[in-house]
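Given the structure is predicted, the values throughout are model-derived calculations rather than measurements.
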Amino acid sequence: MREREERFHVETNVSDDAVCVRVVGVIDIATVAAFRAALWAAPARTELRVDLSEVRLLSAAGVRTLVAARLWVRSQGGDLVLVDPPPVVERVLRATGLRRVIPVVGSTPQRVLAGV
């Protein structure tokens with residue numbers, strides 16, 4: 001259990017207009033439930049940003065979760081944005097076509113990360 005905790009965790013920061021969910025580690029079958037729970041627990045805002053800058057692997061389970069999250073956020077009137085994916089994650093986003101469906105930006109504004 002300790003190994004899993006060291007390789008994966010999620011932090012959520014909330015501002016007036018956006019929520020930033022920062023993911024660290026590997027998103028795979030062992031961690032996708034925690035990832036999904038963090039996304040669904042995020043308070044409603046006009047934008048849900050998923051900071052992928054510290055994700056080392058994004059499995060098919062993670063891709064399915066992002067697709068479901070996009071649909072859920074859009075049904076609530078918001079937008080899902082992926083932030084700063086590293087090259088290994090960027091390749092998955094391109095190969096699956098997800099990059100064409102969900103906006104990807106280069107970096108998270110400091111005010112969102114700070115939760116101001």
List the steps and the verdict of side-chain contact (heavy atoms from CB on, under 4.5 Å) for Asn13 and Arg22. CA-CA 8 Å; Asn13 293 303; Arg22 187 173 76 91; 5.6 Å; no
side-chain hydrogen bond (donor to acceptor under 3.5 Å, both in side chains) against Ser53, all qualifying residues, sequence neighbours excluded: Asp51
So side-chain hydrogen bond (donor to acceptor under 3.5 Å, both in side chains) across residues 92-102, not counting sequence neighbours, yields Glu90-Arg94, Glu90-Arg99
Applying side-chain contact (heavy atoms from CB on, under 4.5 Å) between Leu58 and each of Val32, Val88, Leu66, report the one that passes. Leu66
Can a donor-acceptor pair be found, under 3.5 Å and without considering hydrogens, that links the side chain of Ser59 to the backbone of Ile27? yes
Considering all heavy atoms of both residues, which atom of [X] and which atom of [Y] are nearest to each other, and what is their separation?
{"X": "Phe8", "Y": "Val26", "answer": "CD1-O, 3.2 Å"}
{"X": "Val63", "Y": "Leu98", "answer": "CG1-CD2, 4.2 Å"}
{"X": "Phe35", "Y": "Gly62", "answer": "CE2-O, 4.2 Å"}
{"X": "Val21", "Y": "Ala42", "answer": "CG2-CB, 4.5 Å"}
{"X": "Thr46", "Y": "Asp17", "answer": "OG1-O, 2.8 Å"}

The complete set of salt bridge (charged side-chain N to carboxylate O under 4.0 Å, His left out) pairs with one or both residues in residues 29-44, sequence neighbours excluded, reads none
Could you name each residue pair satisfying salt bridge (charged side-chain N to carboxylate O under 4.0 Å, His left out) that touches residues 61-83, not counting sequence neighbours? Arg74-Asp79
Tell me every residue that passes side chain to side chain contact (heavy atoms under 4.5 Å, CB included) with Gln76, counting only those two or more places apart in sequence or in another chain. Trp72
With sequence neighbours excluded, residues passing side chain to side chain contact (heavy atoms under 4.5 Å, CB included) with Pro43: Val14, Val19, Arg45
Let me check something: do Val67 and Val50 share a hydrophobic cluster, defined by ILVMFWY side-chain heavy atoms less than 4.5 Å apart, either directly or through other members? yes
Check whether Leu80 and Val104 end up in the same hydrophobic cluster, where Ile, Leu, Val, Met, Phe, Trp and Tyr are linked by side-chain heavy atoms less than 4.5 Å apart. yes
Separation between CG (Leu82) and CD1 (Ile102), nearest 0.5 Å, reads 5.0 Å
